[in-house]
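In what follows, a structure is listed as structure tokens, so that the remarks can point back to it.
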Amino acid sequence: MNNKGFVSTSLIYTFFLIFLSLMVFLLNSYTQNRFLLEEYRYDIKNTIAMENEADINLYLMVWDEETLEYEVTNDLPSYGYVFEPSYSYCKNGSSLSYMNGNISITAYQKDSCYAYFKEVERDIDLKIYTKETPVSEEVLVKSIPDSTYTLDSYSCNNDAIINFDEVTRKFTIEASNKAECKATFIRRNGDIILHIYKENANGSHEYNNLKYTEVEDIPGSNYTFNSYTCVDESIDTNISVENNELVIASSAPNECNVYYNGGNDKVEVIIMQETDTGISGYTTGKKYSRTFGIPGNNYKYVGYKCDNSNATVTFTNGVIEASSEEQTTCYAYFERTNGNIFYNYYLETSDGGYEKVAVVPSIGYKLDSSISKCDNGSVINVYNNIPVVDATTEDTCHIYYKLMVSDITVNVYVMNRKTMLYELSKVPVGGYTLYNSGCTNGAVITYQNNSLHVETTGPTVCEVYFK
């Protein structure tokens, strides 16, 4: 029997089956890859400004009415803004869309995408603010803050009604006419129970071999934040000071003691500033709120009240001084000046000219009162290199700062109260006292009103220590 034909036919069938299997494998692999490419989609949720997954970067560009420019933000604007598809794009041709508060991107390669939002004309204007503590300043924001903040207060004109759902974190507003509404959110403190203690030689509470007295509020200007302890040390609780106000962050409810040291002077001074809301104080018909620093421009010192009538308080060259024979608390009052003052600031350049600036550095420049002036003749007083204008009418003042010297280096070291080591940092805004300082080449450095000022005739290096 001849087997050659059978062998040849078998080889043909074998090669055919191998070829067929290979084609099926390649087609299946291609189909899977195509499917993966088609499914390469990212839904960008509210609290994300820039994701870097799979090499896709998303930048949220929101129109700012103050700067009149689009600026990068961390959150999708949640009210009063509309998506601009004609402006939005991806550099490498990826597809970008926006629907129901979500941004979707379909990409086949690395890409950077830009989503633009602008304010819309609306019958209801809602402005949203946040603040860190009950006494801190409000900050205007573009979107509803995350769940670490809770709604503190809200109001509307024209009888509009505003409601906020803490779960969905969305507003509903009912209005029959155009209305303006304001909502203020305050940061949650994790349900922390605070006990505030100030140093007192006759106090009944002892800590670190010192005696303290428990008080209802943060002590006055002659006390400084020292340390804190919490009942449950396993809970991540952090208490710090910003602008002399307590800032509390905690992962769970806790109970803490906060200690303020000082009080060696017999007078505790609390500074009160005129506000639209607050409590009655020095002048009949005016209201005041506590502040933790001497008010700047557009405020003037008007007087004081003390629990002990024999105590005295003076304010000279930006410094408050008080005296008393007995332990007492005094309130120093600052009221608004009658006129509105607008300031233009100018810095001397290296060629001897001046350029207009928005922010004046505190180091390397000194206010030149000889050429500073106001259009309507208001008087400019200089306190610690800061202009304070006494005006009775609206005025525009031009403040010139003279270049003192270049090549000034200031290294600031702040004690870490956990490690008790000094760490390179920036000037603390509160809760610390100046421990030591010095400069090379005979330069002089001073610290007043939370700012450092250097006077020198040549290059210098200064080191400052806070504890």
Side-chain angles (χ1 to χ4, degrees), residues 220-226 241-244 260-265 267-269 271 273 291-297 299-301 313-323 332 334 343 345-348 357 359-372 380-390 397 399-415 422-467:
S221 58
N222 54 332
Y223 288 87
T224 57
F225 173 75
N226 179 261
V241 173
E242 292 183 9
N243 296 323
N244 289 319
Y260 281 81
N261 285 9
N264 296 325
D265 298 332
V267 183
E268 177 183 352
V269 180
I271 302 172
Q273 174 180 308
T291 183
F292 292 93
I294 295 173
N297 299 324
Y299 284 89
K300 61 182 179 180
Y301 175 68
V313 177
T314 59
F315 178 69
T316 306
N317 292 332
V319 178
I320 289 180
E321 295 182 348
S323 62
F334 290 80
Y343 291 89
Y345 297 103
Y346 304 87
L347 295 186
E348 185 182 15
V357 295
V359 179
V360 178
S362 60
I363 294 176
Y365 292 86
K366 186 174 183 179
L367 194 152
D368 190 345
S369 57
S370 64
I371 58 176
S372 299
I380 302 175
N381 298 301
V382 182
Y383 299 130
N384 300 320
N385 212 34
I386 299 173
V388 178
V389 177
D390 186 7
C397 297
I399 312 299
Y400 290 85
Y401 286 85
K402 187 176 181 61
L403 177 65
M404 293 177 62
V405 70
S406 58
D407 299 327
I408 297 176
T409 301
V410 178
N411 297 319
V412 177
Y413 297 91
V414 179
M415 178 181 283
Y422 285 97
E423 299 176 353
L424 188 63
S425 182
K426 59 182 180 180
V427 178
V429 294
Y432 289 84
T433 57
L434 181 68
Y435 172 65
N436 200 359
S437 64
C439 300
T440 61
N441 297 332
V444 177
I445 186 167
T446 57
Y447 174 68
Q448 291 179 323
N449 297 330
N450 294 327
S451 296
L452 292 171
H453 302 276
V454 178
E455 293 187 13
T456 180
T457 57
T460 185
V461 177
C462 301
E463 291 191 348
V464 185
Y465 293 83
F466 290 89
K467 71 174 183 178

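In what follows, residues are counted from 1 in the order of the sequence shown.
- Every residue meeting the side-chain contact (heavy atoms from CB on, under 4.5 Å) condition with S437, not counting sequence neighbours, appears here in chain and number order: L434, I445, V464.
- When all heavy atoms are compared, the tightest approach of E348 to K402 is OE1-CG, 3.0 Å.
- With sequence neighbours excluded, the residues that form a ring pair (Phe, Tyr, Trp, His ring centres under 6.0 Å) with F334 are Y301, F315.
- In this structure, the side chains of Y345 and Y401 come closer than 4.5 Å at one or more pairs of heavy atoms.
- Partners of T409 under the side-chain contact (heavy atoms from CB on, under 4.5 Å) rule, at least two apart in sequence or in another chain, are N411, V461.
- Every residue two or more places apart in sequence or in another chain that forms a side-chain contact (heavy atoms from CB on, under 4.5 Å) with S369 is listed here: L367, V382.
- Taking the ring pair (Phe, Tyr, Trp, His ring centres under 6.0 Å) definition, one finds that Y435 meets it with nothing, sequence neighbours left out.
- Residues satisfying the ring pair (Phe, Tyr, Trp, His ring centres under 6.0 Å) test with Y413, not counting sequence neighbours, are Y465.
- Rounding to the nearest 0.5 angstrom, the gap separating the CD1 atom in I399 from the CD1 atom in I371 is 10.0 Å.
- Considering only residues two or more places apart in sequence or on other chains, S425 meets the side chain to side chain donor-acceptor pair (under 3.5 Å) condition with none of them.
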Give the intermediate values and the outcome of side chain to side chain contact (heavy atoms under 4.5 Å, CB included) for residues F466 and V412.
-> CA-CA 8 Å; F466 290 89; V412 177; 3.9 Å; yes

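- Listed here is the closest heavy atom pair of I380 and S372: CD1-C, 3.9 Å.
- The two residues S323 and V267 have their closest heavy-atom pair at C-CG2, 3.5 Å.
- Applying the side chain to side chain donor-acceptor pair (under 3.5 Å) rule to T440 yields the partners T460; only residues at least two apart in sequence or on another chain are considered.
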